[in-house]
Amino acid sequence: MIELPEQLIRLGAQAASKDDAIRQVAALLAGAGNTDPAYLQGMLARETQANTYLGSGIAIPHGTPDTRHLIHRTGIAVLQLPQGVSWGEGGEQVRLVVGIAAASDEHLDILRRLTRVLSDDDLVERLSTTRSPADLQEALTGTRPPAAAPAAATASLPFSAQVTLPNPLGMHARPGTALAGLVRKLGARVRLTRHDSSQSADALRLMEILSLGLTRGTTFTVSADSESALRAVTDAIRAGLGDDLSAPAPQAGSAARTARAPEWQPTQVGATIEGVPAADGLVIGETRQYAARELNVTDQPGDPGEAARQLDSALTDARGELDTLISRTRAQYGEDKAAIFAAHQELLADEGVVQDAVNLILDGHGAAWAYQRVTQDRISQLQKLDDPTLAARAADLSDVQRRVLRRLLGLGEESEYVGGPAILLAADLTPSDTARLGPDALLGFVTAQGGPTSHTAIIARGLGLPAVVAAGTGLLDVPDGTPAILDGSAGRLYLNPSEADLQSARDRQGVLNAERDRARAARHEPGATRDGTPVEIAANINRAADAASALDAGAQGVGLMRTEFLFLERDSVPSEDEQEREYRAMAQAMQGRPLIIRTLDIGGDKEVPYLGLEREDNSFLGLRGIRLCFERPDLFMPQLRAIARVAKDHPNVHVMFPMISTLEDFRRARAILDGVREELGTGRIPLGVMIEVPSAALLAPLLAAEVDFFSVGTNDLTQYTLAMDRLHPQLARQTDAMHPAVLQLIKLTVDAAEAHGKWVGVCGGAAGDEVGALILTGLGVRELSVSPPQIPAVKAALRQHDLTELRDLAARALTQPNAEAVRALLRP
């Protein structure tokens with residue numbers, strides 16, 4: 001938030017001319033340490049380029065982009081001229097001069113507030129004559145802050161060290177996002193400088209980081225404002241910022257994936273289009289050209305304040321869209337795919353982009369034109385990078401650009417794809433296109449441009465869609481409806497194949513799909529080991545709409561309904577009636593199969609902005625799960641009433657409390673639910689707790705006497721056991737639930753449950769991991785709740801082993817030194 005201390009306000013001043021007024025307001029900024037005195041020249045130069053008169057007697061002088069480096073700290077200064085001063089050739093009289101020195105996107109907040117002032121003539125008059133600085137402080141900052149001496153500006157970063165980038169794919173969007181997030185969390189100032197070009201980047205600005213073009217082996221300097229920040233950042237970079245450093249580096253002239261010698265080839269086709277393999281698979285179908293709607297952006301100058309409001313609104317809406325997309329992608333395809341769109345949020349929030357766009361708005365340009373101009377410049381810079389992996393990030397910025405421009409142009413969402421599943425041909429696809437179209441609309445796709453390490457290709461692999469990229473512009477001349485065979489493994493699209501080749505391709509598909517089809521064919525058989533020991537395979541889902549696909553995948557019930565998604569995918573709290581409808585629809589869809597509803601689990605990595613929760617430095621250790629529900633009965637009680645109403649009619653409903661860490665937590669939550677049941681006349685509801693905190697596992701012998709079941713959340717149990725944040729850029733890859741310490745806690749939980757005749761399930765990520773499913777079953781877990789696409793494979797894996805064999809495997813796993821050794825037990 002912008003602060004406006006009294007020493008940056010001068011009331012009752014006089015100015016002989018516009019230049020004199022600018023010199024006075026510039027002196028205020030320099031005297032407070034916000035700017036170097038030389039910033040005045042930039043403010044004067046700006047007036048020769050564009051009139052900074054805003055309207056209603058207010059002017060907003062500010063520097064030129066090339067003098068931005070003279071800003072030490074964002075701030076504004078106000079010069080009140082009750083008698084006025086002539087401003088511009090039109091003779092406008094200015095009575096309030098608001099000097100702006102903005103080193104970040106706080107321009108937007110200033111302009112939003114000035115827009116409100118401009119629309120109130122009485123307020124403008126009062127501010128132009130008031131003798132109280134507090135009036136100006138309130139109007140321009142929204143508060144009346146006490147006067148405070150400004151902190152001394154830091155002109156340079158005194159601590160530095162050299163590092164060599166270890167990432168196989170270079171400093172691409174995801175490690176860049178992790179770096180920016182780490183620096184932001186540290187509250188530090190950090191810059192990266194290449195040795196071979198002296199080009200540097202602010203570590204908070206993802207676009208600047210990417211534009212450095214840092215590849216594996218590049219040596220650069222990290223500079224920071226504190227020794228502790230320097231150590232944290234350099235350690236993170238050397239650890240790979242979350243990347244797998246053991247992965248092979250891309251070969252020169254390619255982009256990590258090369259065409260393999262085809263294992264199958266047709267003998268008679270009309271034409272063959274070759275590209276670079278991006279995702280494996282063989283499909284047969286007709287082609288369909290796809291082109292995103294063209295965005296026609298023209299410059300429409302207008303009121304700068306209104307243009308800033310439009311840009312701010314578009315950025316906010318785009319962030320909301322990405323929040324929803326991240327939640328949906330995480331639930332359907334996993335955290336690694338969701339991280340792609342988290343990187344998009346970082347691009348969206350890039351301070352340099354926003355600042356440059358606002359500078360163009362202040363020069364009189366329209367919001368859409370300014371944003372397109374600024375982002376297009378950066379897209380062009382990325383496309384020119386020598387490293388293909390880094391150049392491919394231009395598609396990510398293009399995706400973000402389209403998302404914002406659609407909002408600015410009033411176009412809303414992209415139009416829906418019309419037509420049945422086809423082999424899509426396109427100049428290029430954005431990650432959002434790929435995630436939005438998905439397997440229901442696509443058999444696979446081929447693009448003229450793009451690269452196999454692009455986020456579009458990563459999503460395609462996650463969706464199981466064969467894909468070929470960089471196939472050339474001739475691809476765009478292929479008519480719709482052309483019969484084709486797409487071989488993603490070989491990087492080839494075969495057009496107009498003969499009937500014999502079509503049959504040959506079908507035969508090949510049969511071979512490739514045999515194992516998958518066998519698993520899918522048996523998906524509705526009960527989960528069990530080879531010797532018949534039952535293991536219930538349930539689904540983790542978010543909404544009632546997901547139930548049908550879960551059942552079709554072979555789910556024997558719902559082991560985890562994540563109710564927080566009812567809160568995450570909207571901008572207001574769902575009412576009790578809305579929640580009841582959702583839970584009732586889910587219970588009915590399960591047709592008597594178990595439905596475990598987890599009460600609200602907000603906090604940690606799941607934030608709900610509209611709830612107004614205070615941000616916590618250690619959110620995973622703060623108010624989350626049941627702790628938040630205790631603090632917010634306005635959220636907890638309506639949810640419990642909604643669940644109890646449904647359970648009254650559907651005995652398959654179970655309730656599960658998250659983040660139980662003490663026996664008192666459980667008893668308190670149970671007492672609240674019992675009170676709700678009595679109020680509504682609902683009978684007993686099977687009640688369980690999540691085992692995701694080590695203390696809960698250690699207390700399992702006591703809890704087991706009072707609960708009906710346990711469900712282990714391996715994601716959180718692992719991070720709390722190993723004291724490693726599962727979202728931490730350096731540590732996330734080490735948070736493996738197969739670590740013997742985690743397995744020991746699960747075994748303790750199982751033993752306690754069995755002693756009291758209770759059962760244990762697992763609803764964390766380890767349940768859907770083949771190694772995890774086998775070892776957990778050997779430990780005594782009798783329910784595995786996984787994402788629906790994983791159900792057939794998990795059932796198939798269990799059918800290949802006897803329980804005795806799995807018990808021996810689990811016993812050996814408990815004696816291993818680390819997770820890698822545990823996983824090695826199942827390697828051939």
Side-chain angles (χ1 to χ4, degrees), residues 542 560-568 570 572-580 582-583 596-647 653-680 682 684-700 702-713 715-717 719-720 749 763-764:
N542 305 329
L560 171 63
M561 182 187 181
R562 306 182 186 96
T563 60
E564 56 272 14
F565 281 85
L566 297 176
F567 293 72
L568 289 167
R570 53 187 292 146
S572 62
V573 176
S575 68
E576 182 178 325
D577 288 344
E578 288 176 311
Q579 293 187 65
E580 180 185 348
E582 188 72 22
Y583 305 147
I596 300 177
I597 300 176
R598 181 176 68 186
T599 57
L600 185 61
D601 188 17
I602 293 295
D605 59 328
K606 297 187 283 288
E607 297 181 5
V608 182
Y610 64 80
L611 291 182
L613 303 177
E614 185 175 346
R615 182 175 292 274
E616 299 180 280
D617 290 338
N618 295 299
S619 59
F620 279 113
L621 301 179
L623 289 177
R624 59 171 302 205
I626 199 66
R627 301 169 185 171
L628 176 63
C629 289
F630 289 153
E631 294 294 322
R632 292 290 301 269
D634 59 313
L635 302 176
F636 196 33
M637 296 300 289
Q639 180 175 51
L640 293 182
R641 282 195 294 269
I643 295 172
R645 290 181 193 279
V646 175
V653 170
H654 298 47
V655 172
M656 179 165 65
F657 296 129
M659 278 299 292
I660 295 294
S661 57
T662 67
L663 187 60
E664 290 76 17
D665 283 345
F666 171 70
R667 288 175 173 171
R668 182 179 177 186
R670 181 181 60 187
I672 296 172
L673 177 60
D674 286 345
V676 169
R677 287 194 304 103
E678 291 174 8
E679 172 194 340
L680 298 175
T682 303
R684 185 177 179 281
I685 303 174
L687 187 58
V689 299
M690 295 279 289
I691 299 294
E692 49 195 336
V693 179
S695 63
L698 295 170
L699 289 171
L702 295 176
L703 285 166
E706 303 190 25
V707 304
D708 294 302
F709 64 92
F710 291 124
S711 186
V712 181
N715 299 344
D716 275 325
L717 183 61
Q719 77 166 350
Y720 291 129
T749 302
C763 59

Report yes if the side chains of [X] and [Y] come closer than 4.5 Å at any heavy-atom pair, otherwise no.
X    : Y    : value
F636 : I672 : yes
L703 : F710 : yes
V693 : D716 : no
M561 : M656 : no
Q639 : Y583 : yes

Which pair of heavy atoms, one from [X] and one from [Y], lies closest together, and at what distance?
X    : Y    : result
P658 : G625 : CG-CA, 4.0 Å
V676 : M637 : CG2-CE, 3.6 Å
I643 : I597 : CD1-CG2, 3.7 Å
I626 : A669 : CD1-CB, 3.9 Å
V653 : P686 : O-CD, 3.6 Å

Which pairs count as salt bridge (Lys or Arg N to Asp or Glu O under 4.0 Å) when at least one residue sits in residues 634-643, sequence neighbours excluded?
-> E576-R641, R632-D634
List in chain and number order the residues that pass side chain to side chain contact (heavy atoms under 4.5 Å, CB included) with C763, two or more places apart in sequence or in another chain; answer none if no residue qualifies.
-> N540, L560, M690, S711, S785
Can you sort out the partners of L698 under side chain to side chain contact (heavy atoms under 4.5 Å, CB included), two or more places apart, ordered by chain and number?
-> L745, L748
With rounding to the nearest 0.5 Å, note down the distance linking [atom1] in [X] to [atom2] in [Y].
X    : Y    : atom1 : atom2 : answer
Q579 : L640 : CD    : CG    : 9.5 Å
L673 : E678 : CG    : CD    : 10.0 Å
T749 : L717 : OG1   : CG    : 7.5 Å
C629 : R668 : SG    : CZ    : 10.5 Å
T563 : D601 : OG1   : CG    : 8.0 Å
R667 : E664 : CZ    : CD    : 6.5 Å

For [X], give me all partners under side chain to side chain donor-acceptor pair (under 3.5 Å), at least two apart in sequence or on another chain.
X    : answer
D577 : none
E692 : none
T599 : none
R670 : E706

Would you confirm whether [X], through its side chain, and [Y], through its main-chain N or O, come within 3.5 Å as a donor-acceptor pair?
X    : Y    : answer
S661 : S695 : no
D708 : L687 : yes
E580 : R645 : no

Criterion side chain to side chain contact (heavy atoms under 4.5 Å, CB included) on F567 and L635, from CA distance to verdict | CA-CA 10 Å; F567 293 72; L635 302 176; 4.3 Å; yes
Residues forming a salt bridge (Lys or Arg N to Asp or Glu O under 4.0 Å) with E679, sequence neighbours excluded | none
For R677, the salt bridge (Lys or Arg N to Asp or Glu O under 4.0 Å) test, sequence neighbours excluded, returns D674
Mind checking ring-ring contact (aromatic ring centres under 6.0 Å, His included) for F709 and listing every partner two or more places apart, or none if nothing turns up?
-> H654, W759
